[in-house]
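Since we're looking at a predicted model, the values are computed, not measured. Chain A is the first sequence line, chain B the second, and so forth, proteins listed ahead of strands; every chain is numbered from 1.
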Amino acid sequence: MHGRTHLPWRTTRDPYRIVVSELMLQQTQVERVIPLYEAFLARFPSFEALAAADAGDVVRAWRGLGYNSRAVRLHALGRAVVERYGGRLPSDTAELRALPGIGAYTAAAVRAFAFELDDAAVDVNLRRVIHRVAFGLEHPAQADDRTLDTLAIAAVPRGGAHDWNSAMMDLGATICTARSAKCLVCPLRDTCAAAPVDSATLAARVREHAARRTPQEAIPFERTTRFLRGRIIDRLRDVPARESLALDALQHDLAAVVPSDRLHEIPAVVDALVRDGIVMREATRIRLS
DNA sequence: AATACGGGGTG
DNA sequence: CACCCAGTATT
């Protein structure tokens, strides 16, 4: 058996454990999820346990993962699964897509990894590997996402979606990575349009076709809204569950970690967090939802 | 079609 | 410092 056999979600077929892993893995690296995964499952062992909790408890358990809206969505998903399906996650794509936090990728991943149905979970790894094999290096792109999806789906062996998706992701994460390609040890080297990849060529192509920086990313992190949101949520995580914090006190405490000329932005950022369902306001006090 | 959304790891 | 990461929802 090759590949990353140590991943804690790889051996289970429990739909709950699979969705939790998939929500955690959305835009968050495997190595960072691993140490937090089992602790989360111990705290919330089932859809019912998740649904019975406050969203704020889930956001607390989410510390270290980032993209906190995912915690709120996972909590909402738990409640929806309990209410709509009696605690049983559906395997139908349309029903999965209708649940909070589940998009095209996650629906396919749940189907393949939890239900062993023939579907292609086309994440950044799959897209890169398929592109290289079928068209060569991905910078510049020779095919759009829809084309890559179609190729991926056609390549899934009947009854073998779980292992196939796992293998393709492992290939993309360990051998055919974004920054390099170890074609010499790649099982697909004989049929791959990109092999053998020259590392200097790959680096040059990536530089040449680098995506335009978004305005938010072009400025120092301490000047971004994300930074403020992160500091506010971190502070609220330290407030005991079901207790609240005065907005004044929040502003005072954050003076230690936030540039002084940004403290006046805190109320507006809190408003945004409330709109996102992450923070709850009670008069002049706030807490995690 | 663009943008917002975290934060830590890597070369 | 720039790029990368098992994407989704909103505008």
Side-chain angles (χ1 to χ4, degrees), chain A residues 3-4 7-10 18-37 59 62-74 76-77 96-114 119-130 138-139 144-146 149 152 161-162 164-174 176-180 199-200 202-222 224-234 237 269 272-273 275-278:
Chain A
R4 298 176 291 179
L7 305 184
W9 45 85
R10 180 128 314 164
I18 295 295
V19 225
V20 169
S21 76
E22 291 304 338
L23 268 286
M24 287 184 170
L25 288 162
Q26 289 169 1
Q27 289 288 282
T28 301
Q29 266 129 244
V30 165
E31 294 306 322
R32 197 136 66 87
V33 169
I34 290 177
L36 298 164
Y37 179 64
V59 173
W62 206 257
R63 190 198 294 265
L65 288 171
Y67 285 153
N68 298 298
S69 289
R70 291 182 297 164
V72 175
R73 292 188 197 126
L74 178 56
L77 182 153
L96 286 168
R97 288 293 304 269
L99 291 167
I102 298 195
Y105 161 79
T106 304
V110 164
R111 284 166 55 79
F113 295 137
D119 215 332
V122 183
D123 71 336
V124 65
N125 290 304
L126 272 278
R127 268 194 295 278
R128 184 176 56 251
V129 172
I130 300 274
E138 67 277 25
H139 302 294
D144 58 22
D145 289 352
R146 207 185 58 77
D149 275 11
H162 187 287
W164 184 84
N165 282 290
S166 300
M168 292 292 281
M169 288 179 179
D170 287 354
L171 200 57
T174 62
C176 193
T177 67
R179 308 270 196 124
S180 69
S199 59
L202 174 56
R205 296 271 199 100
V206 169
R207 252 195 326 278
E208 187 179 348
H209 298 93
R212 186 46 137 282
R213 308 246 56 67
T214 107
Q216 185 81 285
E217 291 169 321
I219 58 184
F221 188 59
E222 297 71 30
T224 63
T225 301
R226 290 180 182 192
F227 171 75
L228 279 188
R229 288 171 63 104
R231 300 295 70 71
I232 292 168
I233 293 172
D234 268 357
R237 281 196 175 104
V269 176
L273 289 168
R275 284 195 295 278
D276 291 346
I278 299 172

| note | A:Leu36 CG to B:dG6 P, in whole Å, measures 16 Å
| query | Is the backbone of A:Val59 close enough, under 3.5 Å, to the side chain of A:Arg237 for a donor and an acceptor to pair up by distance? | reply | yes
| query | For C:dA2, does either OP1 or OP2 sit under 4.0 Å from a side-chain N or O belonging to A:Arg207? | reply | no
| Touch class at under 4.0 angstrom, heavy-atom based, for A:Ala178 against every strand present | sugar-phosphate
| query | With distance as the sole test, does A:Arg70 use its side chain to make a donor-acceptor pair with the main-chain N or O of A:Met24 at under 3.5 Å? | reply | yes
| field | Integer-rounded Å distance: B:dG6 P and A:Leu23 CG | value | 15 Å
| request: Indicate whether the side chain of A:Glu22 and that of A:Tyr105 have a donor and an acceptor atom separated by less than 3.5 Å. | output: yes
| field | Integer-rounded Å distance: C:dC5 C1' and A:Ile34 CD1 | value | 14 Å
| request: Provide the distance between the two P atoms, one in C:dA6 and one in B:dG11, to the nearest whole Å. | output: 14 Å
| How many angstroms lie between atom CG of A:Leu202 and atom NE2 of A:His139, to the nearest 0.5 angstrom? | 7.0 Å
| Gap in Å between the two C1' atoms, one belonging to C:dC3 and one to B:dG6, rounded | 15 Å
| request: For A:His209 and C:dC4, give me the distance from atom NE2 to atom C1', rounded to whole Å. | output: 18 Å
| said: Distance check needed: B:dA1 P versus A:Arg146 CZ, whole Å only. | reply: 12 Å
| query | Could you give the distance from CG (A:Asn165) to CZ (A:Arg111), rounded to the nearest 0.5 Å? | reply | 11.5 Å
| For A:Arg179, which contact category applies under a 4.0 Å heavy-atom criterion: base, sugar-phosphate, or nothing? | base
| said: Rounding to an integer number of Å, can you tell me how far A:Arg229 CZ sits from B:dT3 P? | reply: 18 Å
| When you check every protein heavy atom under 4.0 Å of nucleotides 6-11 of chain C, what one-letter string (B, S, -) results, 5' to 3'? | BBSS--
| said: Rounding to an integer number of angstrom, what distance separates C:dT8 and B:dG8 when you compare their P atoms? | reply: 23 Å
| query | Atom CZ of A:Phe221 to atom P of B:dG8: distance rounded to whole Å? | reply | 8 Å
| request: Give A:Val33 one of three labels, base, sugar-phosphate or nothing, depending on what nucleic acid heavy atoms sit under 4.0 Å from its own. | output: nothing
| query | Got a donor-acceptor contact below 3.5 angstrom from the A:Arg4 side chain to the A:Ala173 backbone? | reply | no
| said: For the aromatic rings, using the six-membered ring if either is Trp, is the centroid distance between A:Phe113 and A:Trp9 under 6.0 Å? | reply: no
